[in-house]
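Reviewing the structure listed below.
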There are 2 protein chains.
Amino acid sequence: MFTIGKASEQSGVNIETIRYYEREGIVPKPGRSAGGRRLYSPDEIAKLRFVRRCRDLGFPISIIQTFLSLTEQDDRSCSEVKTLAENHLDEINAKIENLTRLREALLSLSANCDDGTAACPMLDTLMKDGFRKPGLERSRH
Amino acid sequence: MFTIGKASEQSGVNIETIRYYEREGIVPKPGRSAGGRRLYSPDEIAKLRFVRRCRDLGFPISIIQTFLSLTEQDDRSCSEVKTLAENHLDEINAKIENLTRLREALLSLSANCDDGTAACPMLDTLMKDGFRKPGLERSRH
DNA sequence: GCTTGCTCCTGTAGCCACTACAGGAAATAA
DNA sequence: TTATTTCCTGTAGTGGCTACAGGAGCAAGC
């Protein structure tokens, strides 16, 4: 059994984040030592690592919770996982497209932006009428 | 002069968001009618529209505030704008790269994910040791 | 003048996924 | 026995909004 510091090291999940996951019920509450400290089994650490990897892949917590419950009952979970992964892929593709359009818009806006001019043509364009939104939806960084 | 509803329509900024911008000091406080309602001049509406367009381009509020103060004093603001825009472009490019790597990782993970299997190879891989992070940094949706 | 319905007001809380304290207790090292 | 490190709980902050609740103002129709 490992204290939260070791669990953090081995899973790659920040200590504060581990406690946050516990509070939110994303991972089950671990046992405690006599002094009241959290003690993690290798299995519990594997679960934390799994959450981190899914987060690294950009999955939201709500989907990860579904994944975690699917790993408990193993009958025909795979097709559901695939669907969720495909939906996530669609979202990633949409984001890439959106950012690419943003890049184009920014490039053409800042292209005329050269030193020495009193009024900046980029800010000018953004202030005036007639400028159109570059993409489909706003990128929420 | 226009009420907040008209200002929202003309600027494309949500009513609640306009009040939020005012609270946060992002745009100046407008005048009020006898009954206490906000009244916006065309110039103030143009400013709101400017903020929305910058948000659509993905600029954070802090940068937009710099832009707004640069439009007040027009001496040689342009080179500063260009620098900020270029930094923002770098960030956008980094995000696109990151998301592209994510897509590759997800594609190869879900490729083996076919129906009928009891244990899902994707969840399996994510649970086991040895899986490596796809990109440089985590994509925060 | 009165009702209906729309717009507006303030203030507060929620969203997501953390992160950063403060103030204290327990475990370990020197 | 210190000194340092690690841990504990609880709360508040991040960004950029969005969504209420509970009330007031205002315009149009009857």
Taken to the nearest whole Å, CD1/A/I15 to P/C/dA17 is 22 Å
When rounded to whole Å, the NZ to P distance for the pair A/K6 and C/dA27 reads 16 Å
- Message: If the cut-off is 4.0 Å, is A/T3 near the phosphate of D/dC7, judged by side-chain N/O to OP1 or OP2?
- Response: yes
message: Looking at B/R52 and B/S11, would you say the former's side chain and the latter's main chain have a donor-acceptor pair under 3.5 Å?
response: yes
Of B/V51 and B/A34, the one whose closest nucleotide on DNA chain D sits nearer the 5' end is B/V51
- Task: Answer yes or no: does a side-chain N or O of A/Y21 lie under 4.0 Å from OP1 or OP2 of C/dC18?
- Result: yes
Scanning both residues in full, the closest heavy-atom pair of A/E24 with A/Q65 reads O-NE2, 4.4 Å
Taken to the nearest whole Å, CD1/A/I64 to P/C/dA17 is 8 Å
Taken to the nearest whole Å, CG/B/L48 to C1'/D/dC17 is 15 Å
- Query: So, is A/R55 close to the C/dC18 phosphate, meaning a side-chain N or O under 4.0 Å from OP1 or OP2?
  - Reply: yes
### Query
Is a donor on one side and an acceptor on the other found under 3.5 Å between the side chain of B/H88 and the backbone of B/L57?
yes
* To do: Mark yes or no for a side-chain to base donor-acceptor pair under 3.5 Å between A/R37 and D/dT6, with no hydrogen or angle criteria applied.
  => yes
When rounded to whole Å, the OH to P distance for the pair A/Y20 and D/dC7 reads 21 Å
When rounded to whole Å, the CD1 to C1' distance for the pair A/I18 and C/dA20 reads 16 Å
* A/S41 backbone acceptor or donor facing A/E44 side chain under 3.5 Å -> yes
Identify whether any heavy atom of A/R19 sits under 4.0 Å from a base atom; if not, whether one sits that close to sugar-phosphate; answer base, sugar-phosphate or nothing. base
Atom CD of A/E22 and atom P of D/dC7 are separated, to the nearest Å, by 14 Å
Q) Quick one: is A/R23 getting a side-chain N or O under 4.0 Å of the D/dT11 phosphate, OP1 or OP2? A) no
*Is there a donor-acceptor contact under 3.5 Å from the side chain of B/R38 to the main chain of B/I4?*
no
Heavy-atom nearest nucleotide on DNA chain C taken for A/N14 and for A/S33; more 5' hit belongs to A/N14
Side-chain atoms of B/I4 come closest, of C/dA20, D/dG16, C/dC9, to C/dC9
Between OH of B/Y40 and P of C/dT7 the distance, given in whole Å, is 16 Å
